[in-house]
Amino acid sequence: MNDPTRSAGEPAVQARHLSVCYDRKPALWEAELEIPRGSMTGIVGPNGAGKSTLIKAMLELVPVSGGSVTFFGKSYREARDRIAYVPQRESVDWEYPISARDVVAMGLYRRLGLFRWVTREAKRAAQEALDRVGMSAFVNRRIGALSGGQQQRVFLARALVQKADLYLMDEPFAGIDATTEQVILDLMRGLRAEGATLACVHHDLATVAEKFDHAVLLNLRVVACGAVSSVFHRENLARCYGGRLEMFSSDEGAFTRLGTQAP
Amino acid sequence: MLAVSYNLQVVYLGVSTLGVATGVLGCFLLFRRRSLLSDTLGHATLPGVALAFLLVAQFGAGGKSFLWLLLGALVSGWLAVRSVQFLRRRTPIREDGALAVVLTVFYGVGVVWLSVIQNLELPGASGLEYYIYGMVASMVLSEALTLLIVSAVALVAVSLLFKELNLCFDEGFVAAQGLPHRWLDELLMLTCLVVTIAGLQTVGLLLIMAMFIIPPATARLWTSSMAGTIGIAAAVGAVGSVAGATASANIPRMPAGAAIILATAILFTLSLFLGRRKGLLQAWLASWRDERGLVERQLLRDVFALQPAKQRAASLAGAPTAGAPSPVSITAATRWRGWSDRRRQAAVGRLERAGQLERGEADAVRLTAQGQRRAVEAERTQALTELYLTEYPSLAPQHLHPYVERIEDVAPAEVAAHLRALFTAGLSAQAASS
């Protein structure tokens, strides 16, 4: 599916021995992973496996208790301008009276600098990004008044204006309608075609193979990491999900669709 | 023109600018859910004021004592803000608990110092009361100008950082981008503290919080936009302050703080009832209208449900019905709804007047042609909403509500079309099997 030679040079993300603890309770254990350039990687694992924590730890949003991460061979601080982050929808304040366009414009704040108002060009860039995600009609709508799928598209538009090389997304496909899902998927594929790297936390095992070419199987530790065709098989899933895999193992169809053989 | 004395002009200048500044700053406190912090700020200035007074009396700084008191207020107010932050971040105590602890402890310390001052019978001690309850009548031009300058600086600071102030909307994104957030929060608090201290002698530390919070709370009842909220809050702050100051200047022994808060509270109360955005009157009217429509549609559907099955199926499929609908007992039809007799009769009366229902003997009613059409439409919508919930379980609950009249109002066009197709297919399958 994905040609590994495209990942020439330093990988987009390389994590070594990355560990996170919340109150002495491990949330991520010595994670080792590599996300090749130009890949579309799904980060999957059971609830509480540390999927969001992994992304947050990479972005230094939670205190890391050990290990290191590099992006394109550089530290996060050096590579910050090349990385766009799309947080989980639940993590923001929906009551805040801010319009869709103003949310998208936030993606340009770093470039705009302090003490300056949002410029006309920035507003235009925000408008264009909203057009790209099919939200032209909702530019001035308050973000909290939009539906879940529309909110997700606004967040994606905010990532788009950053013109990043790496997009890290936390559950972009959770709780959205089919239209939004298609819009997001098309956009992601378009970005990858332009050379960007994408990594998403994803909760739906059944659709991993159709959406992503790479996968990180996570359950506190990284169970497997690599091309979907090589890591996404029953043995790994069983290690990742433990006894909870029973509900999937009866569905042989899911594995044939993946193009891999059940052991 | 109404003649206003020079003294009152000075007062108006001072309090109206204070009102605008507190109203605008308050918007950001409200948006950030930091309202209670301004109360803590106000109360926490007391120990600083009292201690500064003691020190000044001890070492005799003479004419400059006013500035020393404000410096004391600044220091203790800032200590309070830091204490709240420390408790919130480093201990299991949450924000509300931290605020309550800090407010009461600081205020308690202040009251103790005050009693010490009173026991010492120091000269000028009675003036300290103004810091607690506020006083406008004695305002001189320099004080009014101080308020003007402080307010202007605060407003300039807010407008320069307006873009960044919105970042609290999404803290995760902000942190990932390495944008300023924490120090911005502290800058906002410091600005609020400085304005609080500037307004201390006017409004008093007990009630200054209300000047920050009531104007934006009032504005929220009129608009959901940010610019609108800020504009209305500024206006409410100015009008309330001027009205309160007028009352305080004209009524003997009326403390300025209380008068200003009362005037602002009157605006708030009016907005509470009349506000166009979720104001009580509007909300009540809307729910009354929704409820009436719902009861009418339910009643029509209940009557329709007692029609012969064949006829029902034909009407739902959109075929012309053979013969008029048959009369049914309204009590029997709606028994399971749990409606009071009065409610049912009121609905029947409304539908009769609208020409959708005819009354027969006893409690019998019959659908007119118009009523039949509305009943079929309601029945269809009901079936479509049920399909919507089962076909789109992740989408439907975000949009659906019990008062929906047409499925197009709560579903995207292509989804509504799909549901209608499913419904029609279901009807023909039913017809084929029977």
Side-chain angles (χ1 to χ4, degrees), chain A residues 52 55-56 58-62 76-77 80-81 83-88 91-99 102-103 105-110 112-119 122 140-151 155 158-159 162 168 170 174-181, chain B residues 27-28 30-34 92 156-181 183-184 187 216 219-220 222-230 232-233 277 388 391-400 410-415 418:
Chain A
S52 295
I55 286 199
K56 286 181 184 160
M58 296 195 301
L59 300 176
E60 300 178 10
L61 295 178
V62 292
Y76 176 58
R77 272 153 216 275
R80 196 171 249 157
D81 284 324
I83 303 169
Y85 168 52
V86 181
Q88 226 170 339
S91 66
V92 309
D93 179 2
W94 292 117
E95 292 298 307
Y96 201 80
I98 187 168
S99 69
D102 290 346
V103 172
M106 280 183 185
L108 296 164
Y109 277 17
R110 269 180 74 78
L112 286 168
L114 271 179
F115 306 117
R116 290 192 54 196
W117 287 24
V118 177
T119 56
N140 291 315
R141 191 73 69 83
R142 189 172 62 84
I143 184 89
L146 298 173
S147 76
Q150 292 168 335
Q151 289 167 349
F155 279 157
R158 182 175 66 181
Q162 293 175 47
L168 293 172
D170 203 343
I176 58 176
D177 51 294
T179 323
T180 301
E181 180 165 323
Chain B
C27 289
F28 293 97
L30 198 73
F31 294 157
R32 290 172 172 245
R33 304 169 193 219
R34 286 269 194 278
V156 167
V158 164
S159 76
L160 279 179
L161 288 166
F162 179 71
K163 170 163 73 59
E164 278 75 20
L165 280 169
N166 289 332
L167 286 173
C168 66
F169 159 72
D170 186 349
E171 294 183 10
F173 172 80
V174 171
Q177 286 270 294
L179 290 163
H181 180 61
W183 68 258
L184 198 74
L187 190 67
R220 298 294 274 158
W222 292 98
T223 175
S224 62
S225 88
M226 176 170 302
T229 307
I230 293 172
I232 295 175
R277 179 177 176 261
Y388 191 22
E391 294 291 312
Y392 296 89
S394 68
L395 183 61
Q398 294 180 36
H399 301 275
L400 206 52
V410 290
E414 72 271 14
V415 170
H418 177 227

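Below, read A as the first sequence line, B as the second, and so on, with proteins coming before strands; counting in each chain starts at 1. Being a predicted model, the structure only gives us computed values, none of them experimental. Worth knowing before you read on, the calculation uses all heavy atoms, side chains too, and leaves out hydrogens, waters and symmetry mates.
Residue with the most contacts toward chain B among A:Glu95, A:Arg110, A:Lys56, A:Arg142: A:Arg110 (heavy-atom pairs, distance under 4.5 Å). Among B:Ala176, B:Ala175, B:Gly172, the residue making the largest number of heavy-atom pairs under 4.5 Å with chain A is B:Ala176. Ranking B:Arg33, B:Met226, B:Gln177 against chain A, the residue ahead of the rest is B:Gln177, based on heavy-atom pairs under 4.5 Å.
Heavy-atom distances place the backbone of A:Ile176, and not its side chain, under 4.5 Å from chain B. For a residue to count as touching a neighbouring chain, one of its non-hydrogen atoms must lie under 4.5 Å from one of that chain's; by this rule B:Ile230 does not touch chain A. Of the atoms belonging to A:Arg158, it is side-chain heavy atoms, and not backbone ones, that fall under 4.5 Å from chain B. Residue B:Glu171: no heavy atom, backbone or side chain, is found under 4.5 Å from chain A. Using a 4.5 Å cut-off between heavy atoms, A:Leu114 touches chain B through backbone and side chain atoms alike. With a 4.5 angstrom heavy-atom cutoff, A:Val86 does not touch chain B via any of its atoms.
Rounded to the nearest 0.5 Å, atoms CD1 (A:Ile98) and CG (B:Asn166) are 4.5 Å apart. Going from atom CG of B:Leu184 over to atom CZ of B:Arg32 covers 5.5 Å, rounded to the nearest 0.5 Å. Interatomic distance, CG of B:Leu187 versus CG of B:Leu165, reported as 8.5 Å (0.5 Å rounding). Rounded to the nearest 0.5 angstrom, A:Tyr96 OH and B:Cys168 SG are separated by 4.0 Å.
With no hydrogens or angles considered, a side-chain donor-acceptor pair links B:Tyr392 and B:His418 at under 3.5 Å.
Between B:Phe162 and B:Phe28, the angle of the ring planes goes over 60°, which puts this pair in the perpendicular group of the 30/60° scheme.
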